[in-house]
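These notes concern the structure reproduced below.
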Amino acid sequence: MELDHLAVTATTLEEGCTMVEEALGLPLQPGGRHARFGTHNMLLGLKDGLYLEVIAIDPDARAPDQPRWFDLDRRAGPPRLGNWICRCADLAGMLRQLPGAGSPVDLERGDLKWRMAVPGDGRLAYDNMFPALMEWQCPDHPARRLMQRGCRLETLVISHPEAAALEAEIAPVLDDRRISFETAAPGLTAGFATPAGRRWLR
């Protein structure tokens with residue numbers, strides 16, 4: 001599998017966008033709505049085929065009949081880098097190796113279609129530090145549609161008290177030198193190269 005994108009979770013989309021734009025010094029672009037989970041997002045194109053997403057509950061959407069993804073039903077506090085998402089060519093096959101990632105859900109936003117593994121309670125393993133897994137089912141990718149602002153992900157540190165166990169689960173299927181694991185309180189820290197220099201999101 002490969003790193004696909006990062007997600008900043010927020011109580012409101014406005015709060016999340018303000019946090020990211022102040023931290024990175026770059027504007028976000030409109031994303032869209034996810035009817036299945038009652039959420040909406042804004043996006044930032046990154047180099048190397050990646051992108052950054054700010055996601056929050058859409059106050060105008062109907063409440064879903066299952067817990068929302070990214071543990072959004074229980075989130076509180078200021079916006080934060082909350083999840084990392086990896087894509088694979090065969091989600092069903094990957095879930096045989098990583099069954100704790102959840103169950104496949106078919107999703108779409110406009111002409112974008114994908115399947116994503118979502119846990120029944122919306123909460124990923126290791127206090128949401130486990131990667132969300134997905135499989136694109138359309139020829140295009142959101143990153144190719146986004147304006148490039150000269151921003152590149154350089155490092156992603158996944159912290160957790162059981163970081164060694166988490167790394168042992170992920171290492172056989174993911175080889176990415178930008179990603180490292182650290183024994184500490186649960187959290188994500190991403191370092192970016194931007195036109196204004198090195199910037200961080202946590």
To the nearest 0.5 Å, tell me how far [X] [atom1] sits from [Y] [atom2].
| X | Y | atom1 | atom2 | result |
| --- | --- | --- | --- | --- |
| R109 | T39 | CZ | OG1 | 10.0 Å |
| L44 | C17 | CG | SG | 10.0 Å |
| D176 | C86 | CG | SG | 8.0 Å |
| F192 | E154 | CZ | CD | 10.0 Å |
| C88 | M1 | SG | CE | 8.0 Å |
| E167 | I179 | CD | CD1 | 10.5 Å |

Ring pair (Phe, Tyr, Trp, His ring centres under 6.0 Å) contacts in which one or both residues fall within residues 151-173, not counting sequence neighbours:
Y126-H160
Quick one, [X] and [Y] - any side-chain contact, counting heavy atoms below 4.5 Å?
| X | Y | result |
| --- | --- | --- |
| R145 | D140 | yes |
| M19 | L201 | yes |
| R178 | L156 | no |
| V157 | L188 | no |
| V20 | L52 | yes |
| M42 | L13 | yes |
| P59 | H40 | yes |
| L81 | R202 | no |

Residue set satisfying ring pair (Phe, Tyr, Trp, His ring centres under 6.0 Å) with F181, at least two apart, ordered chain then number -> none
Considering all heavy atoms, the nearest [X]-[Y] contact:
| X | Y | result |
| --- | --- | --- |
| S159 | A185 | CB-O, 3.3 Å |
| H141 | G49 | CE1-O, 3.7 Å |
| A117 | L91 | N-CD2, 4.0 Å |
| T194 | C151 | CG2-SG, 3.9 Å |
| G122 | P67 | N-CB, 4.0 Å |
| K47 | G150 | CE-CA, 3.8 Å |

Using side chain to side chain contact (heavy atoms under 4.5 Å, CB included), reason through M129 and L166 one step at a time and then give a plain yes or no.
CA-CA 8 Å; M129 294 299 99; L166 174 56; 4.0 Å; yes
If you group Ile, Leu, Val, Met, Phe, Trp and Tyr whenever their side-chain heavy atoms sit less than 4.5 Å apart, what else falls in with I55?
F37, L43, Y51, I57, W69, F70, L72, I85, V105, L107, L112, W114, M116, V118, M134, W136, L146
So, the side chain of [X] versus the backbone of [Y]: is there a donor-acceptor pair under 3.5 Å, distance only?
| X | Y | result |
| --- | --- | --- |
| Q137 | K113 | no |
| D73 | R68 | yes |
| R75 | P78 | yes |
| D106 | R115 | no |

Applying side chain to side chain contact (heavy atoms under 4.5 Å, CB included), run through L133 and L98 and close with a yes or a no.
CA-CA 9 Å; L133 306 183; L98 302 172; 4.1 Å; yes
Mind checking side chain to side chain contact (heavy atoms under 4.5 Å, CB included) for A10 and listing every partner two or more places apart, or none if nothing turns up?
P79
So which pairs with a foot in residues 17-33 pass salt bridge (charged side-chain N to carboxylate O under 4.0 Å, His left out), sequence neighbours left out?
R33-D58
Decide whether Q66 and R36 meet the rule of one side-chain donor and one side-chain acceptor closer than 3.5 Å.
yes
Could you give all pairs that pass the side chain to side chain donor-acceptor pair (under 3.5 Å) test and reach residues 76-98, with sequence neighbours left out?
D4-R87
